[in-house]
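Any value given below was found using the heavy atoms of this structure, including those in side chains, with hydrogens, waters and symmetry copies removed.
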Amino acid sequence: MPWLMGMTESDIPTGEKERLSWVNTTYLKETKLDETGKATLKKWYPETDASKVKYVEFFEICEYGKQPTDEEIKYYFPMLN
């Protein structure tokens, strides 16, 4: 989703190897899990040691729509049970 980052089509490499390298350096950056992330992991995966988590992806609930309860989130995302 380069357009969300203010990029245009001309900013994206055209060669297969160059594109793969670009994706890896642009989108798959390794970042440290902050305290908010650790707390969220602990909430939804209480048995997991956050220090051993290698990859995680967070989703943000739209602030303008319905705010689901924890029970609704567990219903729609059964892997959290």
Side-chain angles (χ1 to χ4, degrees):
M1 295 188 292
W3 58 90
L4 295 176
M5 298 170 61
M7 295 179 186
T8 64
E9 192 172 328
S10 64
D11 295 320
I12 303 168
T14 55
E16 185 176 342
K17 288 181 182 179
E18 294 81 10
R19 282 180 86 120
L20 183 57
S21 175
W22 178 81
V23 166
N24 284 329
T25 57
T26 305
Y27 291 107
L28 302 178
K29 294 178 187 174
E30 205 170 303
T31 58
K32 295 200 182 263
L33 193 59
D34 64 11
E35 293 305 314
T36 301
K38 289 177 186 175
T40 301
L41 274 177
K42 186 76 171 159
K43 174 181 179 179
W44 295 108
Y45 297 96
E47 304 298 319
T48 301
D49 179 359
S51 68
K52 294 182 180 180
V53 172
K54 189 170 182 180
Y55 299 102
V56 65
E57 183 174 2
F58 292 102
F59 295 89
E60 183 177 358
I61 297 171
C62 177
E63 62 192 62
Y64 302 110
K66 177 186 182 307
Q67 299 300 299
T69 64
D70 286 354
E71 291 76 27
E72 290 171 318
I73 290 173
K74 288 179 184 178
Y75 175 79
Y76 290 114
F77 300 94
M79 74 289 271
L80 298 175
N81 291 321

(Q) Under a 4.0 Å threshold between the charged nitrogen and the carboxylate oxygen, would K38 count as salt-bridged to E35? (A)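 Looking at K38 together with E35, the answer is yes, because their closest N to O distance falls below 4.0 Å.
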Decide yes or no for [X] and [Y]: does some side-chain heavy atom of the first lie under 4.5 Å from some side-chain heavy atom of the second?
| X | Y | value |
| --- | --- | --- |
| W44 | D70 | yes |
| L80 | Y45 | yes |
| V56 | T40 | no |

Q) Which atom names give the shortest non-hydrogen contact between Q67 and G65, and what distance separates them? A)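 Nearest pair, atom of Q67 first, then G65: NE2-O, 3.2 Å.
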Looking only at atom types and distance, does a side-chain atom of [X] sit under 3.5 Å from a main-chain N or O of [Y], one as donor and one as acceptor?
| X | Y | value |
| --- | --- | --- |
| S21 | K17 | no |
| E18 | I12 | no |
| E60 | F58 | no |
| N24 | L20 | yes |

Q) Is atom CD of E9 surrounded by more than 12 heavy atoms (other residues, nucleotides or ligands) closer than 6.0 Å? A)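 Not more than 12 within 6.0 Å, no.
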Q.
Pair L33, L41 - check side chain to side chain contact (heavy atoms under 4.5 Å, CB included), show working.
A. CA-CA 10 Å; L33 193 59; L41 274 177; 3.3 Å; yes
(Q) If I take atom CE from residue M7 and atom CH2 from residue W22, how far apart are they, to the nearest 0.5 angstrom? (A)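 Rounded to the nearest 0.5 Å, the CE-CH2 separation comes to 5.0 Å.
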